[in-house]
Amino acid sequence: MERESMEFDVLVVGAGPAGLSAAIRLKQLNAELNVCVVEKGSEVGAHILSGAVFEPRALNELLPEWREQGAPLDTPVTDDEIWLLDSKGGRQFPNWLTPKTMHNDGNYIISLGNLCRWLAEQAEGLGVEIYPGFSAAELIEQDGVIGGVITGDMGVGLDGSEKDGYMPGMELRARYTLFAEGCRGHLGKALIARYQLDAGRSPQHYGLGFKEIWQLPEGATKPGKVVHTAGWPLSEHGASGGSYLYHADNNQVLVGLIVDLNYDNPNLNPFEEFQRFKTHPEIAKHLEGGERISYGARAIAKGGFNSLPKMSFPGGLLIGCDAGTLNFAKIKGSHTAMKSGMLAAEVVAEALSDAEAGVQDLTQFEAHFKASWLYDELYRSRNFGPALHKFGSMLGGAFNTLDQNLFGGRLPITLKDEHRDHAQLQPAAQAAAIQYPKPDGKLSFDRLSSVFLSNTYHEEDQPCHLKLTDAAIPVQVNLAQFDEPAQRYCPAGVYEIVEEGGAPRLQINAANCIHCKTCDIKDPSQNITWVTPEGGGGPNYPNM
């Protein structure tokens, strides 16, 4: 069966804040452009997960009348707290002792998924075509130039056979393709390797972010209250990261933990650390009387300025978290992703204005980027993550307060972290054992009941989308040396070591996958490659 083909001026892969902002800006600049957005989730927003405290700077530029147009920014931040926790309690830092980047005056507590749904409505109103439920599975490349993508085949069985209703993927061709897949996008990863876009850059660094939504009794929340913490429980095991707890509207509390994926103890279980975190008295008091109604997890790219790849290549651009534009000093990436998409749109629209010009490597994007507030913001925050990694939470935090509050991020030094996250694990025999308490069913829960709340669904009879380069490595290397950490770092229980014929083997429960990409990042042998499953599969987050 031949593939159908469609042609566009610009194709955008991913309907997140970067992709949708790029699509909107393109149509604002030239209403005649034929712009398409393809999204692997079952609907726009289905795979979007973020805290989220949102800075409206980019939205103010993109759609200045967003208030009148009904953008879902309804809960301004009213109270901002930062705590350092230990096992017995904690202490609150005064605002003047914390980096200015972590202050949230003028920001909003939002559902990023709902904001993306609203952005999609604005895009469609301008004539953008949006196709959810179609995964961008392969690159179209000819003579070194990217010419679009091929969507995943539908109706392929686990054994690779064509089932009833089989439909081959479509060729979506475009003069320029913008990749906005989010953190560790599998096509973005391929493009970085294909064109060596990360040459001379620091390695990208990652965190695994968890989030739950809790429904509280009427009057039990303080809408607009923001709480961030550092220290316990991760500090007990030499790991780093931090937490957030936001009081949203509708009597809901959003709570989460970010675990830096450079931890070295293979016995550490990020999911269990999150469950433990909620039992701390300073956190539990916010959840008292509540019911957990949603769960999800997602990797975040936190390397920042030093880890940014070259974003242009022949035929397209990497934008948003596909490139790593998140500003970890602010714990925010939505406004930066949006701005990167807007800059990309301006460069592409200019290139397309010359009908005779051939497709090119849009190297002029770098000049536009360097002239923008996005570059300035990321540059000023370049030392934030490396300082925490090098000096720890206390000394690193003190350095960052000095750097941001007194020098505005312009100290004449640049700290770097050249260690790759996956290479940090020590052998299990040398690592401290960690015993986690059983879930109490009130504040802490097990992984499978959590995955249920993510509304994750995959067609069971389809090829496994978690590819092993060498099927022997999980047992011969990872189990032997690290007690196969995939059993613990996966937040959805996808990976298990089971006995078969008296010998251990790795079982992959791909249907549980919530598309967080942690396995692709943290596997110590870099033996797992995450690729897109059949379109529409994965989590279906309603309000994350």
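Heads up: numbering here begins at 1 and tracks the sequence.
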Compare every heavy atom of Gly538 with every heavy atom of His515, then report the nearest pair and how far apart it is. NE2-CA, 3.4 Å
Where do Ala387 and Asn400 come nearest, in terms of heavy atoms and distance? CB-OD1, 3.7 Å
When every non-hydrogen atom of Val37 is compared with those of Gly14, the smallest separation belongs to CG1-O, 3.9 Å
Kindly give the heavy-atom pair with the smallest separation between Thr101 and Ala329, and that separation in Å. OG1-O, 2.9 Å
Trace of the salt bridge (charged side-chain N to carboxylate O under 4.0 Å, His left out) decision for Lys467 with Asp520: CA-CA 9 Å; Lys467 306 294 186 182; Asp520 195 300; over 6 Å; no
Output the distance between atom CG (Leu62) and atom CE (Met342), rounded to the nearest 0.5 Å. 5.0 Å
If the test is salt bridge (charged side-chain N to carboxylate O under 4.0 Å, His left out), which one of Lys330, Lys332, Lys339 qualifies with Glu55? Lys330
Any carboxylate oxygen within less than 4.0 angstrom of a Lys/Arg side-chain nitrogen, looking at Glu121 and Arg117? no
Minimal non-hydrogen separation, Tyr108 against Pro56, with atom names: CE1-CG, 4.1 Å
Does atom CZ of Arg420 have more than 12 heavy-atom neighbours from other groups under 6.0 Å away? no
Counting heavy atoms not belonging to Gln69, are there more than 12 under 6.0 Å from its CD? yes
Assess whether side chain to side chain contact (heavy atoms under 4.5 Å, CB included) is satisfied between Thr363 and Phe313, documenting all intermediate values. CA-CA 8 Å; Thr363 55; Phe313 50 86; over 6 Å; no
Relative to Trp530, does Arg184 satisfy both conditions: NZ or CZ under 6.0 angstrom from the six-membered ring centre, and within 45 degrees of the ring's axis? no
Side-chain donor or acceptor of Asp159 paired with backbone N/O of Ser161 under 3.5 Å: yes
Does atom CG of Asp354 have more than 12 heavy-atom neighbours from other groups under 6.0 Å away? yes
Hey, is CD on Gln196 packed in by over 12 heavy atoms from elsewhere, all under 6.0 Å? no
Do Leu374 and Phe369 touch side chain to side chain, with heavy atoms closer than 4.5 Å? yes
Lys/Arg-Asp/Glu bridge criterion (N-O < 4.0 Å) met for Asp376, Lys370: no
If you apply the rule salt bridge (charged side-chain N to carboxylate O under 4.0 Å, His left out), what do you find for Arg175 with Glu7, and how did you get there? CA-CA 8 Å; Arg175 292 181 65 185; Glu7 294 191 5; over 6 Å; no
For Ile213 and Met544 the tightest heavy-atom approach is CD1-SD, 3.6 Å
Basic-acidic side-chain contact under 4.0 Å: Asp198, Lys189: no
Taking NZ, NE, NH1 and NH2 as the nitrogens, is one of them in Arg3 or Asp153 under 4.0 Å from a carboxylate oxygen of the other? yes
Over 60° means perpendicular and under 30° means parallel, so tell me whether Phe305 and Tyr375 are parallel, tilted or perpendicular. perpendicular
Does Arg410 pair with Asp403 as a salt bridge, N-O distance under 4.0 Å? no
Do Leu119 and Ile24 touch side chain to side chain, with heavy atoms closer than 4.5 Å? yes
For Glu68, does the CD atom sit with more than 12 other heavy atoms under 6.0 Å from it, leaving out its own atoms? yes
I want to check something: taking the side chain as every heavy atom from C-beta on, are His228 and Asn104 in contact at a cut-off of under 4.5 Å? yes
Do His205 and His419 have their ring centres less than 6.0 Å from each other? no
Asn512 side chain vs Val494 backbone, donor-acceptor pair below 3.5 Å: no
Neighbour count >12 (heavy atoms, 6.0 Å) for atom CZ, Phe8: yes
Glu418 atom CD, over 12 foreign heavy atoms within 6.0 Å: yes
Indicate the ring-plane relationship of His458 and His465, choosing parallel, tilted or perpendicular according to the 30° and 60° boundaries. parallel
